[in-house]
Amino acid sequence: NKDIIGMESEVSVAQKTLTRRQKEHSDTQVDSYAELSQWSHLEQDCRRIEVQRLQAVKDAQQRNFDSIADSRESNARLNEELAAVGAALGAYESAAYTSVLRQHDGLV
């Protein structure tokens with residue numbers, strides 16, 4: 001009888017230990033899943049932020065390209081205007097020179 005009571009006591013202790021360890025394991029799994037979920041959310045946030053960063057870089061590059069194109073168009077217009085002013089100045093100088101020559105030669 002004592003042996004049976006001793007064995008029952010050992011079984012009871014073993015069952016309690018097993019139950020406690022199962023609970024600890026279960027708690028550890030829950031903690032692990034929670035941590036894994038957090039890491040997953042962080043990873044998604046990092047990906048989202050990286051996509052936003054890349055889009056911002058792309059947008060900035062496009063603005064730079066647009067600005068360069070606008071500057072080139074503006075420079076081309078200024079060059080055309082400068083050429084027109086140069087041509088007008090050349091025509092004025094030529095007319096003035098011709099007038100001076102005529103006055104000098106007494107043709108006026």
> Could you work out the complete set of other residues in the hydrophobic cluster of Leu54, with links drawn between I, L, V, M, F, W and Y side chains under 4.5 Å apart?
none

> Does the side chain of Val13 reach to within under 4.5 Å of the side chain of Thr17, using non-hydrogen atoms?
yes

> Is Thr98 reaching over with its side chain to a backbone N or O of Ser94, donor-acceptor style, under 3.5 angstrom?
yes

> Return the set of residues passing salt bridge (charged side-chain N to carboxylate O under 4.0 Å, His left out) with Glu73 (not counting sequence neighbours), or none when no residue passes.
none

> Hey, what do you get for OH (Tyr97) to CZ (Arg102), rounding to the nearest 0.5 Å?
13.0 Å

> Working to the nearest 0.5 angstrom, can you tell me the gap between Ser40 OG and Tyr33 OH?
14.0 Å

> Test of understanding: with salt bridge (charged side-chain N to carboxylate O under 4.0 Å, His left out), list the residues that count as partners of Asp27, not counting sequence neighbours.
Lys23

> Tell me, do Trp39 and Glu43 make a side-chain contact under 4.5 Å, heavy atoms counted?
no

> Going by salt bridge (charged side-chain N to carboxylate O under 4.0 Å, His left out), name the residues that satisfy it together with Arg72, two or more places apart in sequence or in a different chain.
none

> Taking atom CZ of Arg21 as the centre, report whether more than 12 heavy atoms of other residues, nucleotides or ligands fall under 6.0 Å from it.
no

> Considering residues at least two apart in sequence or located in another chain, which fulfil the salt bridge (charged side-chain N to carboxylate O under 4.0 Å, His left out) criterion with Asp45?
Arg48

> Within the distance-only criterion (no hydrogens, no angle test), does the side chain of Ser71 pair as donor or acceptor with the backbone N or O of Ser67 below 3.5 angstrom?
yes

> Mind running salt bridge (charged side-chain N to carboxylate O under 4.0 Å, His left out) on Arg53 and Glu50 for me, showing each step along the way?
CA-CA 5 Å; Arg53 186 190 69 78; Glu50 181 64 10; 2.8 Å; yes

> Distance check, rounded to the nearest 0.5 Å: Ile68 atom CD1 versus Asn64 atom CG?
6.0 Å

> Run the side-chain contact (heavy atoms from CB on, under 4.5 Å) check on Glu35 and Asp31 step by step: do they pass?
CA-CA 6 Å; Glu35 189 173 334; Asp31 290 346; over 6 Å; no

> Does Val11 have any side chain to side chain contact (heavy atoms under 4.5 Å, CB included) partners at least two apart in sequence or in another chain, and if so, which?
Gln15

> Any chance you could measure Ser26, atom OG, to Glu24, atom CD, to the nearest 0.5 Å?
11.0 Å

> Below 4.5 Å, heavy atoms only, C-beta onward: do Gln22 and His25 meet side chain to side chain?
no

